[in-house]
Trainee: 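Let me give you the structure first, and then I'll get to my questions.
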Amino acid sequence: MKNTQRLDKLLANFGFGSRSEIKKMARNGLITVDGTVVNDASTHVDPEKSKILVNGRALNYRKNIYVMMNKPAGVISATYDGRLKTVTDLLPDELACFDLFPAGRLDIDTEGLVLLTNDGQLAHNLMSPKKRVAKRYYALVYGQVTEDDVAAFSEGVVLEDGYKTMPAELTIIRSGPRSEIELVLHEGKFHQVKRMFEAVGKKVIYLKRLQIAGLKLDETLEPGQCRELTPEEIDQLKGRDTSHLFDFT
Ligand code: URA
């Protein structure tokens, strides 16, 4: 499919400067398309087919951008907030120039995997309750998590508002006065992990998201850091049947 865009708009979107700066660079002969100098920045180009250089630097065109972030506590999963720091505030300049938004929410005190993208269709698919996309969490819980809890979660538990959750897979890593667990959910109700543990008389004291569909958090990312997904990771997210075919090893 033909995908032509105005050179100034395209290059501004990819962080090469403001549209007026790009116009100026074009006038000064600093922009080439397939080896030919283009002086008029309103020229339409096909970034998927043409090699575009700005002052010798190549445009690395991507139709959509997919970024994984290790969200730290204290930051909200939103694009803008007048008061609190948001996940988009943490994006480095080279990614902040795209209109990225978080595909799904974590509580302010929850850490871990947040996907930021400008691919509205993928975000919709990941968040749609109908798609039952799995999300895997690690939690530290006050209280002894038992096999009875595993059984209760696999049936679904009734939350304080009367809602019965869908079956969830609870794995006990360590059980004691403070227990460590992993939990896979196929839905995303408000404060769901915390409320599920409250339903069995326990309290989540630390929560981290480890995985969305087939995409695992890169544990080398420090809280607050992010990076673009690899092509393989994008496939893992887009895979047809991601809600059921998980390799959680
Ligand atoms: N469940 C919660 O309770 N909080 C989150 O941030 C995500 C899932």
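In each ligand, atom 1 is the first atom listed, and ligand 1 is the first ligand listed. No hydrogens, no waters, no symmetry mates; every other heavy atom, side chains included, goes into these values.
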Trainee: Measure L207 to ligand 1 on non-hydrogen atoms and call it side chain, backbone, both or neither using the 4.0 Å cut-off.
Mentor: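 Under 4.0 Å from ligand 1, L207 contributes side-chain atoms alone.
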Trainee: Counting both backbone and side chain atoms, is some N or O of L106 under 3.5 Å from an N or O of ligand 1?
Mentor: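 Min N/O separation from ligand 1 is not below 3.5 Å for L106.
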Trainee: Assess K189 against Y163: is NZ or CZ under 6.0 Å from the centre of the six-membered ring, and within 45 degrees of the ring's axis?
Mentor: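 Checked: cation-pi criterion met.
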Trainee: Above 12 or not: heavy atoms from other molecules or residues under 6.0 Å from CG of D161?
Mentor: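 Above 12, so yes.
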Trainee: Near R105 CZ, under 6.0 Å, is it more than 12 heavy atoms from other residues, nucleotides or ligands?
Mentor: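 No - once you tally the heavy atoms of other residues, nucleotides and ligands closer than 6.0 Å, there are 12 at most.
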Trainee: Under the 6.0 Å and 45° cation-pi test, does R57 pair with F16?
Mentor: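 Judged by the rule, R57 and F16 form a cation-pi pair.
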Trainee: Below the 3.5 angstrom mark, is there an N/O of K194, backbone or side chain, next to an N/O of ligand 1?
Mentor: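 N/O-N/O distance under 3.5 Å: yes.
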Trainee: Report yes if some N/O of H191 lies less than 3.5 Å from some N/O of ligand 1; otherwise report no.
Mentor: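 Yes, since at least one N or O of H191 sits under 3.5 Å from an N or O of ligand 1.
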Trainee: May I ask you to list the atoms of ligand 1 that are less than 4.0 angstrom from any heavy atom of T110?
Mentor: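 What qualifies from ligand 1 is 4 (N), 5 (C), 6 (O).
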Trainee: Consider side chain to side chain contact (heavy atoms under 4.5 Å, CB included). Of Q225, M69, R227, which one does D218 pass it with?
Mentor: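 Only one of Q225, M69, R227 forms a side chain to side chain contact (heavy atoms under 4.5 Å, CB included) with D218, namely R227.
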Trainee: Provide, to 0.1 Å, the distance between atom 1 (N) of ligand 1 and the closest protein heavy atom, together with that atom's residue and name.
Mentor: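 Looking only at protein heavy atoms, the one closest to atom 1 (N) of ligand 1 is V193 N, 3.0 Å.
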Trainee: Considering only non-hydrogen protein atoms, determine which one is nearest to atom 4 (N) of ligand 1 and report residue, atom name and distance to 0.1 Å.
Mentor: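 Looking only at protein heavy atoms, the one closest to atom 4 (N) of ligand 1 is D107 OD2, 2.7 Å.
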Trainee: Is it true that F190 lies under 4.0 Å from ligand 1, counting heavy atoms only?
Mentor: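 The answer is no: ligand 1 sits nowhere under 4.0 Å from a heavy atom of F190.
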Trainee: Quick one: does N39's side chain have a donor or acceptor within less than 3.5 Å of a partner on A26's backbone?
Mentor: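 Yes; judged by distance alone, with no hydrogens or angles, the pair exists.
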Trainee: Looking at Y137, which atoms of ligand 1 are within less than 4.0 Å of one of its heavy atoms?
Mentor: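 Every atom of ligand 1 under 4.0 Å from some heavy atom of Y137: 7 (C), 8 (C).
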Trainee: Begin from the C-alpha positions of L159 and K164 and carry the test side-chain contact (heavy atoms from CB on, under 4.5 Å) through to its verdict.
Mentor: CA-CA 6 Å; L159 303 181; K164 183 164 189 231; over 6 Å; no
